[in-house]
Amino acid sequence: TPFGAALIGTCAGALVTLGFRFVQPFLANKLKINDSCGVHNLHGLSSMFGGFLSVIFAAIASPKLYDQFNSAAEDPEKSSFKEIFPGGGIIPADDWSPARQAGVQVAAMGVTLAMGIVGGLATGVLLRLVGKLQTNSTAGTKQGSVSLPVEMLFDDAGYIHNHQEEQREEAEVGTGEDNKNYSADLV
């Protein structure tokens, strides 16, 4: 139902917000895992929530639940239940049950989680290697690309260019007639 979808979305949004508030500081302070973009909270927590709900919804699936708002449900070809759970593929049609479908959902979550963990660890190892290569360069020299000081390696500010802040600083520093006109344009 639309209300159910809105409720699930609201719960997922609250979970993401709580993740930013409580989980991200825990990961950074206790486990020394820096998630500067909030990928874990935004994508990880909400997808796990959605995955658990898919297991529950698959386990309680029945034609009565899925076809209650379908006026053409008498025709098996037009059944919402059969459209969503057609059988075949991993689970043969005559062997399908809500419990088996829930099991397939759990297995899919496990595979997805394993792929995410392996990919995240590989990315972390690669970034750590890149960080070591950058910190091994001598101060003030460039090795292939711009070297950053150690304290800026995990700070996005080194890669973000803020034009408005730059214009404000130029207007504050500038003197002379040209700069006065330029700062007046900014306001």
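Heads up: numbering here begins at 1 and tracks the sequence. Everything numeric here is computed off the predicted structure, so don't read it as measured data.
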Practice task
Check whether Leu15 and Leu53 end up in the same hydrophobic cluster, where Ile, Leu, Val, Met, Phe, Trp and Tyr are linked by side-chain heavy atoms less than 4.5 Å apart.
Solution key: yes
Completion exercise
Taken in chain and number order and not counting sequence neighbours, the residues that satisfy side-chain contact (heavy atoms from CB on, under 4.5 Å) with Leu42 are Val16
Fill in the blank from the handout: Tightest non-hydrogen contact, residues Pro98 and Ala61, listed as CG-O, 3.3 Å
Fill in the blank from the handout: Looking only at heavy atoms, the pair that brings Phe49 and Ile8 closest together is CE2-O, 3.7 Å
Handout entry: With sequence neighbours excluded, residues passing side-chain contact (heavy atoms from CB on, under 4.5 Å) with Ile60
Key = Phe57, Leu65
Completion exercise
When rounded to the nearest 0.5 Å, the distance separating CG of Leu45 from OG1 of Thr17 is 10.5 Å
Contacts under 3.5 angstrom, residues 104-114 side chains, donor-acceptor by atom type, not counting sequence neighbours:
residue : atom : partner : partner atom : Å
Gln105  : OE1  : Gln101  : NE2          : 3.2
Gln105  : NE2  : Ser54   : OG           : 3.0
Thr112  : OG1  : Ala108  : O            : 2.8

Problem - side-chain contact (heavy atoms from CB on, under 4.5 Å) partners of Leu121, counting only residues at least two apart - result: Ile117
N/O donor-acceptor pairs under 3.5 Å from side chains in residues 21-29, not counting sequence neighbours:
residue : atom : partner : partner atom : Å
Gln24   : OE1  : Asn41   : ND2          : 2.8
Gln24   : NE2  : Asp35   : O            : 2.8
Asn29   : ND2  : Pro25   : O            : 3.2

